[in-house]
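Worksheet: the structure to be examined is printed underneath.
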Protein chains: 2
Amino acid sequence: MGTTGAPAMKIILASASPRRQALVTRLKIPFEIVAPEYEETHHPDEDPETTCRRLAEEKAGLVARRFPGDLVVGADTIVVLGREVLGKPTDSDDARRMLQALSGQTHLVKTAVALVLLDQKHHSGFIETTKVTFHPLETAEIDRYVALDPPLDKAGAYGIQDLSGIFVKQVNGCYHNVVGLPLARFYMHLKEHGLLPSLLTIKPL
Amino acid sequence: MGTTGAPAMKIILASASPRRQALVTRLKIPFEIVAPEYEETHHPDEDPETTCRRLAEEKAGLVARRFPGDLVVGADTIVVLGREVLGKPTDSDDARRMLQALSGQTHLVKTAVALVLLDQKHHSGFIETTKVTFHPLETAEIDRYVALDPPLDKAGAYGIQDLSGIFVKQVNGCYHNVVGLPLARFYMHLKEHGLLPSLLTIKPL
């Protein structure tokens, strides 16, 4: 194994998010999913970007210990409106409050990605920021969304790939970053760090 | 029928594109699909935006004649790189040529949307433009994409929602417009023109 010049490692996505899984599938490279058993901790004095990076690293690190020969990828996404970080809403009322706050405003979506390949002592990562501008929203539109596509598992109380796509006036930057993983930058990062499995360079037809 | 204050009209999407159908589904309003039987004509002296609007109107108009009491929606998407309009590639070589041209450059994606409700003499529409910047692409990456996700049915030889998502460095504007229908603006247009079916205003939970 691994003696033909092809790296023997696998890519393991350390995330329970079906949206991230769907994005990585798009790369058409084999990967496995191992959701980390993990409780997020929040430190009051830590700034949001640092927390976001730390959570991505912790998720990747936890899974990497079990799979030291594989490339483990962790990610964390936050929504930042002014000085407020919007996490996952606690309930429908909280979701409506967040959407009311986002209405007519521009916010930032940040996804930190951490890559760990323990056996090669490889630790790398990056954070990608996308600007998203919402149309002004009517209360009835918010209510309809929360009723039809409950966003309780989504930071900022919306999933751009669902009904709330109609709330989004403008995206500046990477769209997939808002879904949960900056696909192009992730691919470029793998490439620049020599981490792309040989599987990727398939021969043209 | 139609006497309870609710509009009796249906929305009909006059498009064979599965991507547009998937986008309209996201609105969670009932709609039907009637693909126009249609041969696009191109006039050499017409500027690209005019052609794009005309094709959207012709698609909607053709179907509207059969369904005069319904709101018929037509759309057309073009990719503009400098002075060149990139249509659907004629074959794999043409697709590779287009992708090579898009590599490392910024291009515009324009989708014209036309709405026709013949019985109410309603004709409206708009055109939405999104700027898309590609990473520099290697020939092997282009070859791999064309082999794995043949883009022959897509203007500009890529579908941002498939593997070619990794080519996209930056989107400025509406992402869904690049997929084939500017979802938010379409919804806003329906709303501003009083065309949203009563179905949409569901009661909050």
Side-chain angles (χ1 to χ4, degrees), chain A residues 22-23 25-29 92 96 128 130-150 159-179 181-188 190-191 196 199-205, chain B residues 22-23 25-29 92 96 128 130-150 159-179 181-188 190-191 196 199-205:
Chain A
L23 282 172
T25 301
R26 295 255 303 273
L27 294 176
K28 294 188 187 272
I29 51 178
S92 295
R96 280 188 281 264
E128 177 83 9
T130 304
K131 255 194 208 179
V132 181
T133 304
F134 266 34
H135 284 287
L137 308 181
E138 295 174 17
T139 305
E141 291 170 331
I142 291 175
D143 290 344
R144 179 172 186 265
Y145 172 58
V146 173
L148 292 181
D149 260 340
I160 195 169
Q161 72 291 335
D162 63 25
L163 172 60
S164 67
I166 62 174
F167 297 166
V168 177
K169 185 177 180 190
Q170 169 118 359
V171 167
N172 278 286
C174 177
Y175 168 85
H176 303 111
N177 194 41
V178 186
V179 180
L181 192 78
L183 201 62
R185 182 139 175 215
F186 176 59
Y187 170 81
M188 291 294 161
L190 291 176
K191 194 165 106 170
L196 273 183
L199 296 155
L200 193 59
T201 55
I202 79 151
K203 299 280 182 296
L205 284 179
Chain B
L23 283 171
T25 301
R26 294 254 303 273
L27 294 176
K28 296 189 186 272
I29 51 177
S92 294
R96 279 188 282 266
E128 177 82 10
T130 304
K131 256 194 205 177
V132 181
T133 304
F134 266 35
H135 284 288
L137 307 180
E138 295 175 17
T139 305
E141 291 169 331
I142 291 175
D143 290 345
R144 180 172 185 266
Y145 171 58
V146 173
L148 292 181
D149 261 340
I160 194 168
Q161 71 292 336
D162 63 25
L163 173 60
S164 67
I166 63 175
F167 297 166
V168 177
K169 186 178 179 190
Q170 170 119 1
V171 167
N172 278 286
C174 177
Y175 168 85
H176 302 112
N177 194 41
V178 186
V179 180
L181 191 78
L183 201 61
R185 181 140 176 215
F186 176 58
Y187 169 81
M188 291 294 160
L190 291 177
K191 195 165 103 170
L196 273 182
L199 295 154
L200 193 60
T201 55
I202 79 150
K203 298 281 181 297
L205 283 179

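Since the structure is predicted, the reported quantities are computational estimates derived from the model, not experimental observations. Lettering follows sequence order; numbering is per chain, from 1.
Evaluated for a side chain to side chain contact (heavy atoms under 4.5 Å, CB included) with B:Phe186, the options B:Asn177, B:Leu181, B:Leu23 yield exactly one hit, B:Leu181.
The environment of B:Lys191 atom NZ is dense: over 12 non-hydrogen atoms of other residues, nucleotides or ligands sit within 6.0 angstrom.
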Self-check item: B:Tyr175/A:His176 under side-chain contact (heavy atoms from CB on, under 4.5 Å): CA gap, chis, key distance, verdict
Solution: CA-CA 10 Å; B:Tyr175 168 85; A:His176 303 111; 3.7 Å; yes
Practice problem: Please step through side-chain contact (heavy atoms from CB on, under 4.5 Å) for the pair A:Glu141 and A:His135, ending with a clear verdict. | Solution: CA-CA 11 Å; A:Glu141 291 170 331; A:His135 284 287; over 6 Å; no
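Heavy-atom pairs under 4.5 Å with chain B were tallied for A:Gln170, A:Arg26, A:Gln161; the largest tally goes to A:Arg26. Among the candidates B:Thr130, B:Asp162, B:Asp149, B:Leu183, the residue making the largest number of heavy-atom pairs closer than 4.5 Å to chain A is B:Asp162. By number of non-hydrogen pairs under 4.5 angstrom with chain B, the leading residue of A:Lys131, A:Met188, A:Arg185 is A:Met188.
Both the backbone and the side chain of A:Val171 have a heavy atom closer than 4.5 Å to some heavy atom of chain B.
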